[in-house]
Amino acid sequence: MRAFIKVLAIVFLLAVTSVCSQSKKAQLPKRTESPAKLNLAVRYIANEGVLVSAGDKTILIDGLHREYKPAYLFPPADLLKSLETAEKPYDKIDLLLVSHVHLDHFHPQSIGLHMKNNPRAVLVSSEQVVGEVAGNFSDYEKIKSQIKPVAHEWKKTVELNHGGIKIKFLGLRHANRQHATIQNLGHLIEIDGKKLLHIGDADMTAENFAAFNLAQEKIDIAFIPYWFLLTMDGLDLVQKQFNPKYIVAVHISPGDAERISAQFREDLPDVVALTKVLEEKSF
């Protein structure tokens with residue numbers, strides 16, 4: 001009988017421990033001091049789209065896309081027109097980067113129109129992205145000289161220096177098996193001496209990032225899909241694989257924006273959550 005009671009006690013203790021461990025909130029180590037100012041400006045476009053400016057250089061990442069599904073935030077009509085026609089301040093964009101071909105990150109017509117109206121802009125992206133622009137933008141021949149394709153190979157890096165902007169293109173695997181054929185590029189960008197990381201819709205596994213030794217890169221800002229920050233495993237991956245000074249959460253659905261923002265304010269106050277079109281942050 002005593003042995004039976006002892007077994008029951010052990011089972012109960014294990015159950016309580018499991019429940020408690022599951023109820024722990026995802027947290028980051030508390031900062032002992034604020035990071036140094038970077039003199040870098042970020043303007044949120046929509047979804048994972050960000051316009052980054054430092055010194056006299058400007059980069060647009062995943063910002064040229066159109067209305068796709070209600071679950072995704074997209075540039076409203078007036079902003080889209082300004083982007084596609086390269087109106088100020090979008091006439092000074094030096095570099096266009098696209099993580100992958102999904103329509104909540106990219107639209108071939110929007111890319112083509114911006115480049116046609118902004119001859120200084122150069123698109124550097126995967127062969128899939130370039131192929132979509134070539135096949136779907138009628139004036140492709142007029143912008144062809146502004147485009148540089150990058151080979152995508154899982155766990156491999158391609159490096160490029162464009163006018164003083166240094167980029168390492170990271171061959172990442174896209175999340176979810178149904179997207180196994182999608183070429184998802186991560187971007188490690190050095191601009192005006194600052195380092196930025198943008199990972200598109202990368203699969204949330206250590207194996208996907210380990211080959212790049214990103215934690216050794218002294219990343220200043222990492223733009224991270226918000227779901228990486230909702231679990232202990234995801235946060236552990238962000239800390240161990242990226243270890244950035246600032247974390248910026250992106251890809252937050254309009255329907256979830258209020259709830260996710262509130263959750264981050266309570267549990268992860270150092271995380272910057274981008275949810276409003278054209279909101280600006282200085283780092």
Worksheet item: How about Phe209 and Phe242: are their ring centroids closer than 6.0 Å?
Response: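 Ring centroids of Phe209 and Phe242 are less than 6.0 Å from each other.
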Worksheet entry | Aromatic ring proximity, centroids under 6.0 angstrom, His105 and His251 |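 Ring centres of His105 and His251 closer than 6.0 Å.
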Heavy atoms only: give me the nearest [X]-[Y] pair and the separation to one decimal.
X	Y	result
Leu214	Gln241	CB-O, 3.2 Å
His114	Tyr90	CE1-O, 3.1 Å
Ala249	Leu229	CB-CD1, 3.8 Å

Mind listing the side-chain donor-acceptor pairs of residues 178-185 below 3.5 Å, one per line with the distance, residues two or more places apart or on another chain?
| unit_1 | atom_1 | unit_2 | atom_2 | d |
| --- | --- | --- | --- | --- |
| Gln183 | OE1 | Gln128 | N | 3.2 |
| Asn184 | OD1 | His100 | ND1 | 3.3 |
| Asn184 | OD1 | Asp201 | N | 3.1 |
| Asn184 | ND2 | Ile199 | O | 3.1 |

Discussion item. If the test is side-chain hydrogen bond (donor to acceptor under 3.5 Å, both in side chains), which one of Arg177, Arg173, His174 qualifies with Asp203?
Written reply: Arg173
Between [X] and [Y], does at least one N-O distance fall below 4.0 Å, as a salt bridge requires?
X	Y	answer
Glu207	Lys155	yes
Lys195	Asp220	no
Glu87	Lys81	yes

Discussion item. Checking side-chain polar atoms at under 3.5 Å, does Thr58 have a donor or acceptor matched by the opposite partner on Asp94?
Written reply: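 Judged by distance alone, the side chains do not pair up.
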Discussion item. Can a side-chain donor-acceptor contact be found between Asp91 and Asn118 if the only test is distance below 3.5 angstrom?
Written reply: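 The answer is no; no qualifying pair exists.
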Under 4.5 Å between any side-chain heavy atoms of [X] and [Y], yes or no?
X	Y	result
Glu279	Lys281	yes
Val277	Leu79	yes
Leu95	Ile167	yes
Phe264	Val272	no

Give every donor-acceptor pair under 3.5 Å between a side-chain atom in residues 68-78 and any protein atom, sequence neighbours left out.
none

Worksheet item: Which residues pass the side-chain contact (heavy atoms from CB on, under 4.5 Å) test with Gln263, sequence neighbours left out?
Response: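 Counting only residues at least two positions away or on another chain, Gln263 forms a side-chain contact (heavy atoms from CB on, under 4.5 Å) with Leu230, Arg259, Ile260, Asp267.
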Worksheet item: Do other residues, nucleotides or ligands put more than 12 heavy atoms under 6.0 Å from the CD atom of Glu258?
Response: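 Open: at most 12 neighbouring heavy atoms sit under 6.0 Å from CD of Glu258.
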Fill in: Identified salt bridge (Lys or Arg N to Asp or Glu O under 4.0 Å) counterpart of Glu217 within the set Lys166, Lys168, Lys245, Lys194
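The residue from Lys166, Lys168, Lys245, Lys194 that satisfies salt bridge (Lys or Arg N to Asp or Glu O under 4.0 Å) with Glu217 turns out to be Lys168.
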